[in-house]
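Working notes, structure below.
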Amino acid sequence: MSADSAMTVVPRKRRGAELFGLLFALVLVLGAYAQVDLNVDGELSARFTTLAIASTVAVVAAHIAVRWRLPYADPVLLPCVVLLNGLGIAMIHRIDLINSPPLDGARTQLIWTTIGVVMFILVAVVLRDHRPLQGYTYTLGLLGLVLLLLPLVPGLGTEKFGAQIWIQVGPYSFQPAEAAKVVLAVAFASYLVEKRDVLALAGWRVLGLDLPRARDLGPILCVWAMSLLILISQRDLGTSLLFFGMFVMMLYVATERPGWVVLGTTLFAGGAYLAFLLFDHVKIRVGAWLDPFGDYDRYYQVINAQFGMAWGGLLGRGLGEGRPGLTPLARSDFIAAAIGEELGATGLMAVIVIYGLIVFRGLRTALQCRDPFGKLLAAGLAFGLALQVFTIIGGVTRLLPLTGLTTPFMSQGGSSLICNWIVIGLLMVISHHARKPIATTMEIDPDGETTQLMARPV
(Lines give C-alpha, C1' and ligand atoms only; values in the text may rest on other atoms or scores of the structure.)
Protein backbone atom coordinates (compact mmCIF):
# COMPACT_ATOMS: atom_id res chain seq x y z
CA MET A 1 0.00 0.00 0.00
CA SER A 2 1.39 3.45 -0.93
CA ALA A 3 2.19 6.22 1.55
CA ASP A 4 -0.77 8.19 0.23
CA SER A 5 -3.22 5.47 1.21
CA ALA A 6 -5.79 6.28 3.89
CA MET A 7 -8.55 4.51 5.76
CA THR A 8 -11.83 6.05 6.97
CA VAL A 9 -13.89 4.35 9.69
CA VAL A 10 -17.60 5.31 9.61
CA PRO A 11 -19.91 3.97 12.37
CA ARG A 12 -23.24 2.52 11.34
CA LYS A 13 -26.34 4.69 11.71
CA ARG A 14 -28.63 1.73 12.65
CA ARG A 15 -31.78 3.47 11.43
CA GLY A 16 -32.90 0.24 9.78
CA ALA A 17 -32.69 -1.54 13.14
CA GLU A 18 -34.74 1.25 14.70
CA LEU A 19 -37.41 0.94 11.99
CA PHE A 20 -37.64 -2.82 12.57
CA GLY A 21 -37.97 -2.24 16.32
CA LEU A 22 -40.70 0.35 15.75
CA LEU A 23 -42.69 -1.96 13.50
CA PHE A 24 -42.34 -4.82 15.99
CA ALA A 25 -43.49 -2.56 18.84
CA LEU A 26 -46.43 -1.37 16.72
CA VAL A 27 -47.51 -4.96 16.04
CA LEU A 28 -47.41 -5.78 19.77
CA VAL A 29 -49.36 -2.63 20.69
CA LEU A 30 -52.10 -3.14 18.10
CA GLY A 31 -52.26 -6.82 19.01
CA ALA A 32 -52.75 -5.95 22.69
CA TYR A 33 -55.51 -3.45 21.85
CA ALA A 34 -57.25 -5.98 19.59
CA GLN A 35 -57.02 -8.70 22.25
CA VAL A 36 -58.74 -6.42 24.76
CA ASP A 37 -61.61 -5.83 22.31
CA LEU A 38 -61.98 -9.50 21.43
CA ASN A 39 -61.87 -10.73 25.03
CA VAL A 40 -64.30 -8.12 26.33
CA ASP A 41 -66.73 -7.52 23.44
CA GLY A 42 -66.00 -10.40 21.08
CA GLU A 43 -65.22 -8.04 18.19
CA LEU A 44 -62.93 -5.18 17.26
CA SER A 45 -64.16 -1.76 18.29
CA ALA A 46 -64.93 0.91 15.71
CA ARG A 47 -61.95 2.93 16.97
CA PHE A 48 -59.40 0.21 16.24
CA THR A 49 -58.86 1.39 12.67
CA THR A 50 -58.42 5.00 13.83
CA LEU A 51 -55.90 3.87 16.46
CA ALA A 52 -53.98 1.78 13.93
CA ILE A 53 -53.75 4.63 11.39
CA ALA A 54 -52.89 7.30 13.97
CA SER A 55 -50.25 5.10 15.62
CA THR A 56 -48.63 4.20 12.31
CA VAL A 57 -48.53 7.83 11.14
CA ALA A 58 -47.04 9.00 14.47
CA VAL A 59 -44.39 6.26 14.49
CA VAL A 60 -43.39 6.84 10.87
CA ALA A 61 -43.23 10.62 11.37
CA ALA A 62 -40.98 10.24 14.42
CA HIS A 63 -38.72 7.83 12.58
CA ILE A 64 -38.43 10.12 9.54
CA ALA A 65 -37.54 13.07 11.79
CA VAL A 66 -34.80 11.03 13.47
CA ARG A 67 -33.51 9.67 10.17
CA TRP A 68 -33.40 13.22 8.74
CA ARG A 69 -32.00 15.26 11.62
CA LEU A 70 -30.44 12.76 14.05
CA PRO A 71 -29.12 9.93 11.85
CA TYR A 72 -26.63 8.68 14.45
CA ALA A 73 -29.03 8.74 17.42
CA ASP A 74 -29.53 5.70 19.62
CA PRO A 75 -31.66 3.12 17.73
CA VAL A 76 -33.15 1.47 20.84
CA LEU A 77 -34.77 4.35 22.74
CA LEU A 78 -37.64 5.17 20.37
CA PRO A 79 -38.95 1.57 19.89
CA CYS A 80 -38.93 1.00 23.67
CA VAL A 81 -40.89 4.19 24.31
CA VAL A 82 -43.43 3.40 21.58
CA LEU A 83 -44.01 -0.04 23.11
CA LEU A 84 -44.54 1.32 26.64
CA ASN A 85 -46.77 4.15 25.45
CA GLY A 86 -48.87 1.79 23.34
CA LEU A 87 -49.26 -0.78 26.11
CA GLY A 88 -50.40 2.03 28.38
CA ILE A 89 -53.09 3.05 25.88
CA ALA A 90 -54.23 -0.58 25.52
CA MET A 91 -54.51 -0.97 29.31
CA ILE A 92 -56.40 2.33 29.68
CA HIS A 93 -58.76 1.15 26.94
CA ARG A 94 -59.28 -2.09 28.84
CA ILE A 95 -60.22 -0.15 32.00
CA ASP A 96 -62.51 2.11 29.93
CA LEU A 97 -64.54 -0.93 28.86
CA ILE A 98 -65.34 -1.83 32.48
CA ASN A 99 -67.76 1.09 32.64
CA SER A 100 -71.19 1.21 31.00
CA PRO A 101 -71.12 3.12 28.73
CA PRO A 102 -67.35 2.88 28.15
CA LEU A 103 -65.21 5.90 29.00
CA ASP A 104 -62.96 7.82 26.58
CA GLY A 105 -59.70 7.61 28.51
CA ALA A 106 -57.83 5.78 25.72
CA ARG A 107 -58.95 8.34 23.14
CA THR A 108 -57.73 11.18 25.35
CA GLN A 109 -54.43 9.40 25.96
CA LEU A 110 -53.99 8.94 22.21
CA ILE A 111 -54.41 12.70 21.75
CA TRP A 112 -51.81 13.40 24.44
CA THR A 113 -49.51 10.85 22.80
CA THR A 114 -49.84 12.64 19.47
CA ILE A 115 -48.89 15.93 21.13
CA GLY A 116 -45.95 14.20 22.83
CA VAL A 117 -44.70 12.80 19.51
CA VAL A 118 -45.02 16.28 17.95
CA MET A 119 -42.89 17.71 20.78
CA PHE A 120 -40.35 14.90 20.24
CA ILE A 121 -40.17 15.78 16.54
CA LEU A 122 -39.75 19.48 17.34
CA VAL A 123 -36.84 18.71 19.67
CA ALA A 124 -35.21 16.57 16.98
CA VAL A 125 -35.77 19.02 14.12
CA VAL A 126 -35.45 22.42 15.82
CA LEU A 127 -32.99 21.82 18.67
CA ARG A 128 -30.77 19.17 17.10
CA ASP A 129 -27.80 20.23 19.25
CA HIS A 130 -27.97 20.24 23.06
CA ARG A 131 -24.85 22.34 23.65
CA PRO A 132 -26.39 25.82 23.20
CA LEU A 133 -28.65 25.06 26.19
CA GLN A 134 -25.60 25.36 28.45
CA GLY A 135 -25.71 29.13 28.06
CA TYR A 136 -29.03 29.50 29.91
CA THR A 137 -28.08 28.15 33.34
CA TYR A 138 -29.73 30.67 35.62
CA THR A 139 -32.62 31.50 33.28
CA LEU A 140 -33.64 27.85 33.14
CA GLY A 141 -33.05 27.44 36.88
CA LEU A 142 -35.38 30.34 37.64
CA LEU A 143 -37.98 29.00 35.18
CA GLY A 144 -37.82 25.59 36.87
CA LEU A 145 -38.39 27.09 40.31
CA VAL A 146 -41.33 29.13 39.02
CA LEU A 147 -42.88 25.98 37.55
CA LEU A 148 -42.40 24.09 40.82
CA LEU A 149 -44.06 26.84 42.86
CA LEU A 150 -46.82 27.65 40.37
CA PRO A 151 -49.43 25.39 42.07
CA LEU A 152 -49.17 27.61 45.19
CA VAL A 153 -50.60 30.63 43.34
CA PRO A 154 -54.09 31.34 44.75
CA GLY A 155 -56.83 30.65 42.25
CA LEU A 156 -54.49 28.74 39.95
CA GLY A 157 -53.29 25.79 42.00
CA THR A 158 -55.65 22.99 42.99
CA GLU A 159 -55.34 20.16 45.51
CA LYS A 160 -55.94 16.51 44.58
CA PHE A 161 -55.43 13.44 46.75
CA GLY A 162 -53.78 15.43 49.52
CA ALA A 163 -51.13 17.12 47.33
CA GLN A 164 -51.29 20.56 45.74
CA ILE A 165 -49.28 19.92 42.58
CA TRP A 166 -51.80 20.82 39.86
CA ILE A 167 -52.78 24.04 38.14
CA GLN A 168 -56.28 24.34 36.71
CA VAL A 169 -57.06 26.37 33.57
CA GLY A 170 -60.71 25.97 32.65
CA PRO A 171 -61.50 22.28 32.20
CA TYR A 172 -57.84 21.35 31.82
CA SER A 173 -55.30 20.59 34.54
CA PHE A 174 -51.52 20.44 34.27
CA GLN A 175 -48.76 19.26 36.57
CA PRO A 176 -45.95 21.85 36.14
CA ALA A 177 -43.47 19.74 38.13
CA GLU A 178 -43.18 17.45 35.10
CA ALA A 179 -41.95 20.33 32.95
CA ALA A 180 -39.75 21.57 35.81
CA LYS A 181 -38.04 18.17 35.86
CA VAL A 182 -36.77 18.70 32.31
CA VAL A 183 -35.86 22.37 32.74
CA LEU A 184 -34.03 21.83 36.03
CA ALA A 185 -32.09 18.87 34.64
CA VAL A 186 -30.64 21.21 32.00
CA ALA A 187 -29.96 23.92 34.60
CA PHE A 188 -28.31 21.47 37.02
CA ALA A 189 -26.07 20.03 34.30
CA SER A 190 -24.96 23.49 33.14
CA TYR A 191 -24.29 24.71 36.70
CA LEU A 192 -22.34 21.61 37.73
CA VAL A 193 -20.14 21.72 34.63
CA GLU A 194 -19.21 25.27 35.57
CA LYS A 195 -18.60 24.57 39.28
CA ARG A 196 -17.45 20.95 39.34
CA ASP A 197 -13.76 21.70 40.06
CA VAL A 198 -14.69 23.63 43.21
CA LEU A 199 -17.28 21.09 44.34
CA ALA A 200 -14.84 18.20 43.85
CA LEU A 201 -12.45 19.49 46.52
CA ALA A 202 -12.45 17.40 49.68
CA GLY A 203 -12.97 19.03 53.07
CA TRP A 204 -12.64 16.46 55.83
CA ARG A 205 -12.49 12.67 56.00
CA VAL A 206 -15.08 10.73 58.03
CA LEU A 207 -15.20 6.91 58.12
CA GLY A 208 -13.22 6.67 54.92
CA LEU A 209 -15.36 9.19 53.02
CA ASP A 210 -14.10 12.51 51.69
CA LEU A 211 -16.82 14.98 52.59
CA PRO A 212 -17.04 18.41 50.90
CA ARG A 213 -15.70 21.61 52.40
CA ALA A 214 -18.15 23.63 54.48
CA ARG A 215 -17.90 26.59 52.08
CA ASP A 216 -19.02 24.35 49.19
CA LEU A 217 -22.19 23.08 50.86
CA GLY A 218 -24.27 25.99 49.55
CA PRO A 219 -25.63 24.38 46.36
CA ILE A 220 -26.83 21.16 47.98
CA LEU A 221 -28.27 23.02 50.97
CA CYS A 222 -30.17 25.37 48.66
CA VAL A 223 -31.61 22.48 46.64
CA TRP A 224 -32.43 20.65 49.88
CA ALA A 225 -34.24 23.73 51.18
CA MET A 226 -36.20 24.01 47.94
CA SER A 227 -37.17 20.34 48.06
CA LEU A 228 -38.34 20.83 51.67
CA LEU A 229 -40.34 23.85 50.55
CA ILE A 230 -42.05 21.71 47.91
CA LEU A 231 -42.59 18.94 50.43
CA ILE A 232 -44.11 21.22 53.09
CA SER A 233 -46.10 23.63 50.92
CA GLN A 234 -47.39 21.15 48.33
CA ARG A 235 -47.30 17.99 50.49
CA ASP A 236 -45.74 16.12 47.58
CA LEU A 237 -43.08 13.62 48.63
CA GLY A 238 -42.66 12.21 45.10
CA THR A 239 -41.71 15.46 43.37
CA SER A 240 -39.40 16.41 46.23
CA LEU A 241 -37.64 13.05 46.03
CA LEU A 242 -37.26 13.23 42.24
CA PHE A 243 -36.03 16.83 42.29
CA PHE A 244 -33.45 16.36 45.06
CA GLY A 245 -32.36 12.86 44.03
CA MET A 246 -31.61 13.94 40.47
CA PHE A 247 -29.46 16.84 41.71
CA VAL A 248 -27.47 14.65 44.12
CA MET A 249 -26.82 12.04 41.43
CA MET A 250 -25.65 14.67 38.93
CA LEU A 251 -23.44 16.17 41.64
CA TYR A 252 -21.86 12.76 42.20
CA VAL A 253 -21.28 12.24 38.46
CA ALA A 254 -19.72 15.70 38.16
CA THR A 255 -17.37 15.36 41.16
CA GLU A 256 -16.94 11.56 41.52
CA ARG A 257 -17.06 11.95 45.32
CA PRO A 258 -19.33 9.50 47.24
CA GLY A 259 -19.44 11.95 50.15
CA TRP A 260 -22.02 14.03 48.28
CA VAL A 261 -24.30 10.99 47.96
CA VAL A 262 -24.02 10.18 51.66
CA LEU A 263 -24.69 13.78 52.63
CA GLY A 264 -27.62 14.08 50.20
CA THR A 265 -29.21 10.82 51.35
CA THR A 266 -28.93 11.92 54.99
CA LEU A 267 -30.50 15.29 54.26
CA PHE A 268 -33.41 13.77 52.33
CA ALA A 269 -34.02 11.13 55.01
CA GLY A 270 -34.30 13.91 57.57
CA GLY A 271 -36.74 15.82 55.37
CA ALA A 272 -38.85 12.72 54.74
CA TYR A 273 -39.05 12.02 58.48
CA LEU A 274 -40.14 15.61 59.08
CA ALA A 275 -42.90 15.13 56.47
CA PHE A 276 -44.00 11.95 58.26
CA LEU A 277 -44.38 13.88 61.50
CA LEU A 278 -46.23 16.81 59.94
CA PHE A 279 -48.62 15.40 57.32
CA ASP A 280 -51.38 12.86 57.81
CA HIS A 281 -51.42 11.70 54.19
CA VAL A 282 -47.72 10.76 54.47
CA LYS A 283 -48.52 8.74 57.60
CA ILE A 284 -51.29 6.98 55.68
CA ARG A 285 -48.89 6.04 52.89
CA VAL A 286 -46.31 4.73 55.34
CA GLY A 287 -49.04 2.76 57.12
CA ALA A 288 -50.18 1.27 53.81
CA TRP A 289 -46.60 0.23 53.17
CA LEU A 290 -45.91 -1.34 56.56
CA ASP A 291 -49.27 -2.94 57.39
CA PRO A 292 -51.99 -2.48 54.75
CA PHE A 293 -54.19 -5.23 56.18
CA GLY A 294 -54.33 -3.50 59.55
CA ASP A 295 -57.06 -1.11 58.29
CA TYR A 296 -58.99 -2.41 55.28
CA ASP A 297 -61.10 0.71 54.78
CA ARG A 298 -58.19 3.16 54.90
CA TYR A 299 -55.79 1.09 52.79
CA TYR A 300 -58.40 -0.29 50.39
CA GLN A 301 -56.50 0.83 47.28
CA VAL A 302 -53.21 -0.85 48.16
CA ILE A 303 -54.95 -4.04 49.33
CA ASN A 304 -56.91 -4.38 46.08
CA ALA A 305 -53.75 -3.87 44.06
CA GLN A 306 -52.06 -6.68 46.01
CA PHE A 307 -55.03 -9.00 45.51
CA GLY A 308 -55.13 -8.20 41.79
CA MET A 309 -51.45 -8.99 41.24
CA ALA A 310 -51.78 -12.16 43.32
CA TRP A 311 -54.77 -13.22 41.19
CA GLY A 312 -52.75 -12.57 38.05
CA GLY A 313 -50.02 -14.89 39.26
CA LEU A 314 -47.06 -15.67 37.03
CA LEU A 315 -48.65 -15.41 33.58
CA GLY A 316 -51.68 -13.19 34.26
CA ARG A 317 -55.40 -13.53 33.58
CA GLY A 318 -55.01 -12.25 30.02
CA LEU A 319 -55.83 -8.84 28.56
CA GLY A 320 -59.50 -8.16 29.17
CA GLU A 321 -59.92 -11.13 31.53
CA GLY A 322 -58.98 -9.56 34.87
CA ARG A 323 -60.79 -7.06 37.09
CA PRO A 324 -58.36 -4.11 37.36
CA GLY A 325 -61.23 -1.66 37.80
CA LEU A 326 -61.66 -2.77 41.41
CA THR A 327 -58.48 -0.84 42.27
CA PRO A 328 -59.03 2.94 42.49
CA LEU A 329 -56.92 5.01 40.06
CA ALA A 330 -56.01 1.88 38.11
CA ARG A 331 -55.49 3.89 34.93
CA SER A 332 -53.04 6.35 36.50
CA ASP A 333 -51.18 5.73 39.77
CA PHE A 334 -51.83 1.97 39.81
CA ILE A 335 -51.53 1.05 36.14
CA ALA A 336 -48.56 -1.18 37.07
CA ALA A 337 -50.94 -3.22 39.27
CA ALA A 338 -53.34 -3.57 36.31
CA ILE A 339 -50.44 -4.81 34.16
CA GLY A 340 -49.46 -7.29 36.88
CA GLU A 341 -53.02 -8.61 37.10
CA GLU A 342 -53.68 -9.10 33.38
CA LEU A 343 -50.15 -9.90 32.14
CA GLY A 344 -48.88 -11.47 35.35
CA ALA A 345 -45.56 -11.10 37.10
CA THR A 346 -43.90 -12.05 33.81
CA GLY A 347 -45.54 -9.17 31.97
CA LEU A 348 -44.77 -6.69 34.74
CA MET A 349 -41.13 -7.80 34.81
CA ALA A 350 -40.97 -7.41 31.03
CA VAL A 351 -42.21 -3.83 31.37
CA ILE A 352 -39.58 -3.14 34.06
CA VAL A 353 -36.88 -4.60 31.79
CA ILE A 354 -37.95 -2.22 28.99
CA TYR A 355 -37.63 0.69 31.40
CA GLY A 356 -34.25 -0.65 32.43
CA LEU A 357 -33.19 -0.80 28.79
CA ILE A 358 -34.15 2.86 28.29
CA VAL A 359 -32.16 3.86 31.38
CA PHE A 360 -29.21 1.72 30.28
CA ARG A 361 -29.11 3.35 26.84
CA GLY A 362 -29.35 6.79 28.44
CA LEU A 363 -26.42 6.07 30.76
CA ARG A 364 -24.51 4.54 27.85
CA THR A 365 -25.05 7.78 25.96
CA ALA A 366 -23.63 9.66 28.95
CA LEU A 367 -20.52 7.47 28.86
CA GLN A 368 -20.08 7.97 25.11
CA CYS A 369 -20.67 11.73 25.14
CA ARG A 370 -17.51 13.77 24.66
CA ASP A 371 -18.66 17.10 26.13
CA PRO A 372 -19.15 17.38 29.93
CA PHE A 373 -22.51 19.16 29.66
CA GLY A 374 -24.04 16.47 27.46
CA LYS A 375 -22.59 13.76 29.69
CA LEU A 376 -24.17 15.26 32.82
CA LEU A 377 -27.49 16.01 31.13
CA ALA A 378 -27.87 12.49 29.72
CA ALA A 379 -26.96 10.94 33.07
CA GLY A 380 -29.41 13.19 34.92
CA LEU A 381 -32.32 12.51 32.57
CA ALA A 382 -31.69 8.76 32.61
CA PHE A 383 -31.38 8.64 36.40
CA GLY A 384 -34.49 10.79 36.84
CA LEU A 385 -36.46 8.32 34.75
CA ALA A 386 -35.00 5.38 36.71
CA LEU A 387 -35.83 7.01 40.05
CA GLN A 388 -39.40 7.75 38.94
CA VAL A 389 -39.99 4.16 37.78
CA PHE A 390 -38.40 2.71 40.91
CA THR A 391 -40.47 4.81 43.30
CA ILE A 392 -43.87 4.34 41.63
CA ILE A 393 -43.57 0.61 40.86
CA GLY A 394 -41.90 0.10 44.23
CA GLY A 395 -44.89 1.83 45.85
CA VAL A 396 -47.45 -0.26 43.94
CA THR A 397 -45.67 -3.51 44.84
CA ARG A 398 -45.12 -2.36 48.49
CA LEU A 399 -41.36 -2.27 48.17
CA LEU A 400 -41.59 1.44 49.11
CA PRO A 401 -44.25 3.81 50.41
CA LEU A 402 -46.43 5.36 47.71
CA THR A 403 -45.14 8.69 46.39
CA GLY A 404 -47.82 9.76 43.89
CA LEU A 405 -45.51 9.87 40.86
CA THR A 406 -46.73 8.65 37.47
CA THR A 407 -45.54 5.56 35.62
CA PRO A 408 -43.67 7.13 32.67
CA PHE A 409 -45.36 6.74 29.25
CA MET A 410 -48.07 4.45 30.65
CA SER A 411 -50.13 6.33 33.24
CA GLN A 412 -53.04 8.41 32.01
CA GLY A 413 -52.21 12.10 31.97
CA GLY A 414 -50.97 14.66 29.50
CA SER A 415 -48.30 16.61 31.39
CA SER A 416 -46.24 13.55 32.33
CA LEU A 417 -46.55 11.95 28.91
CA ILE A 418 -45.61 15.04 26.92
CA CYS A 419 -42.65 15.93 29.14
CA ASN A 420 -41.29 12.39 29.06
CA TRP A 421 -41.40 12.45 25.25
CA ILE A 422 -39.32 15.65 25.44
CA VAL A 423 -36.86 13.82 27.71
CA ILE A 424 -36.47 11.08 25.10
CA GLY A 425 -36.01 13.73 22.43
CA LEU A 426 -33.16 15.28 24.42
CA LEU A 427 -31.54 11.87 24.95
CA MET A 428 -31.77 11.21 21.21
CA VAL A 429 -30.13 14.57 20.46
CA ILE A 430 -27.28 13.87 22.88
CA SER A 431 -26.81 10.32 21.60
CA HIS A 432 -26.61 11.62 18.02
CA HIS A 433 -23.66 13.84 18.94
CA ALA A 434 -22.11 11.11 21.06
CA ARG A 435 -22.29 8.52 18.25
CA LYS A 436 -21.40 10.84 15.35
CA PRO A 437 -18.53 9.31 13.41
CA ILE A 438 -14.94 10.35 13.83
CA ALA A 439 -13.16 10.09 10.48
CA THR A 440 -9.88 8.38 11.28
CA THR A 441 -7.07 8.85 8.73
CA MET A 442 -4.05 6.58 8.98
CA GLU A 443 -0.97 7.20 6.87
CA ILE A 444 0.80 3.96 6.12
CA ASP A 445 4.44 3.67 5.02
CA PRO A 446 5.58 1.44 2.12
CA ASP A 447 6.36 -1.40 4.55
CA GLY A 448 2.74 -1.46 5.73
CA GLU A 449 3.45 0.15 9.11
CA THR A 450 1.16 2.86 10.46
CA THR A 451 3.18 6.02 10.96
CA GLN A 452 0.54 8.60 11.92
CA LEU A 453 -2.99 8.68 13.34
CA MET A 454 -5.13 11.77 12.88
CA ALA A 455 -8.76 12.19 14.01
CA ARG A 456 -11.20 14.93 13.04
CA PRO A 457 -14.96 15.25 13.69
CA VAL A 458 -17.34 15.05 10.72
Side-chain angles (χ1 to χ4, degrees), residues 112 115-116 119 122-123 126-127 130 132-195 218-251 264 267-268 271 275 373 376-377 380-381 383-385 387-388 403-406 408 413-423 425-426:
W112 289 124
I115 298 174
M119 295 302 296
L122 286 176
V123 170
V126 177
L127 180 61
H130 61 280
L133 295 175
Q134 188 176 354
Y136 301 94
T137 307
Y138 299 101
T139 302
L140 292 175
L142 179 61
L143 176 60
L145 291 179
V146 169
L147 288 170
L148 282 174
L149 301 178
L150 203 57
L152 300 179
V153 177
L156 189 61
T158 181
E159 181 176 329
K160 296 181 180 180
F161 311 112
Q164 190 166 341
I165 57 176
W166 301 86
I167 59 173
Q168 191 79 28
V169 180
Y172 300 101
S173 60
F174 180 74
Q175 193 172 346
E178 293 290 343
K181 173 182 67 177
V182 183
V183 173
L184 287 174
V186 179
F188 288 161
S190 180
Y191 175 81
L192 292 173
V193 166
E194 181 182 348
K195 304 293 184 181
I220 194 169
L221 291 178
C222 288
V223 176
W224 179 66
M226 287 184 289
S227 67
L228 277 184
L229 178 62
I230 297 168
L231 185 59
I232 294 172
S233 60
Q234 300 181 9
R235 298 180 294 280
D236 182 19
L237 182 61
T239 299
S240 178
L241 170 63
L242 184 61
F243 169 58
F244 187 67
M246 183 170 62
F247 178 77
V248 171
M249 191 285 308
M250 295 174 74
L251 186 56
L267 288 173
F268 185 81
F373 172 67
L376 268 182
L377 181 56
L381 293 173
F383 179 80
L385 183 66
L387 184 60
Q388 187 169 350
T403 57
L405 293 173
T406 59
S415 52
S416 173
L417 185 59
I418 293 172
C419 293
N420 281 316
W421 270 103
I422 294 174
V423 167
L426 288 172

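- Side-chain atoms of T406 and Q388 include a donor-acceptor pair closer than 3.5 Å.
- Here M250 contributes atom CE and L377 contributes atom CG; the two are 6.0 Å apart, rounded to the nearest 0.5 Å.
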Would you be so kind as to tabulate the donor-acceptor pairs closer than 3.5 Å made by side chains of residues 135-144, with sequence neighbours excluded?
{"residue": "T137", "atom": "OG1", "partner": "Q134", "partner atom": "O", "Å": "3.2"}
{"residue": "T137", "atom": "OG1", "partner": "S190", "partner atom": "OG", "Å": "2.3"}

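- Checked against ring-ring contact (aromatic ring centres under 6.0 Å, His included), F243 has the following partners two or more places apart in sequence or in another chain: F188.
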Original post:
Between L133 and F373, is a side chain to side chain contact (heavy atoms under 4.5 Å, CB included) present by the stated rule, with each step listed?
Top reply: CA-CA 9 Å; L133 295 175; F373 172 67; 4.1 Å; yes
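- Between G245 and F383, the closest heavy-atom pair is O-CE2, 3.5 Å.
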Subject >> L267/F244 under side chain to side chain contact (heavy atoms under 4.5 Å, CB included): CA gap, chis, key distance, verdict >> reply: CA-CA 10 Å; L267 288 173; F244 187 67; 4.2 Å; yes
For residues 145-156, which side-chain N or O atoms pair as donor and acceptor with protein atoms under 3.5 Å away, sequence neighbours left out?
none

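- Note that CG of L426 and CG of L127 are 6.5 Å apart. Values are rounded to the nearest 0.5 Å.
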Original post:
Between I115 and W112, does a side chain to side chain contact (heavy atoms under 4.5 Å, CB included) hold up when you go through it step by step?
Top reply: CA-CA 5 Å; I115 298 174; W112 289 124; 3.8 Å; yes
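- In this structure, I418 CD1 and M119 CE are separated by 7.5 Å, a value rounded to the nearest 0.5 Å.
- Expressed to the nearest 0.5 Å, how far CG of L376 lies from OH of Y191 amounts to 13.0 Å.
- In this structure, N420 CG and L385 CG are separated by 6.5 Å, a value rounded to the nearest 0.5 Å.
- Considering every non-hydrogen atom in both S415 and E178, the closest pair reads O-CB, 3.9 Å.
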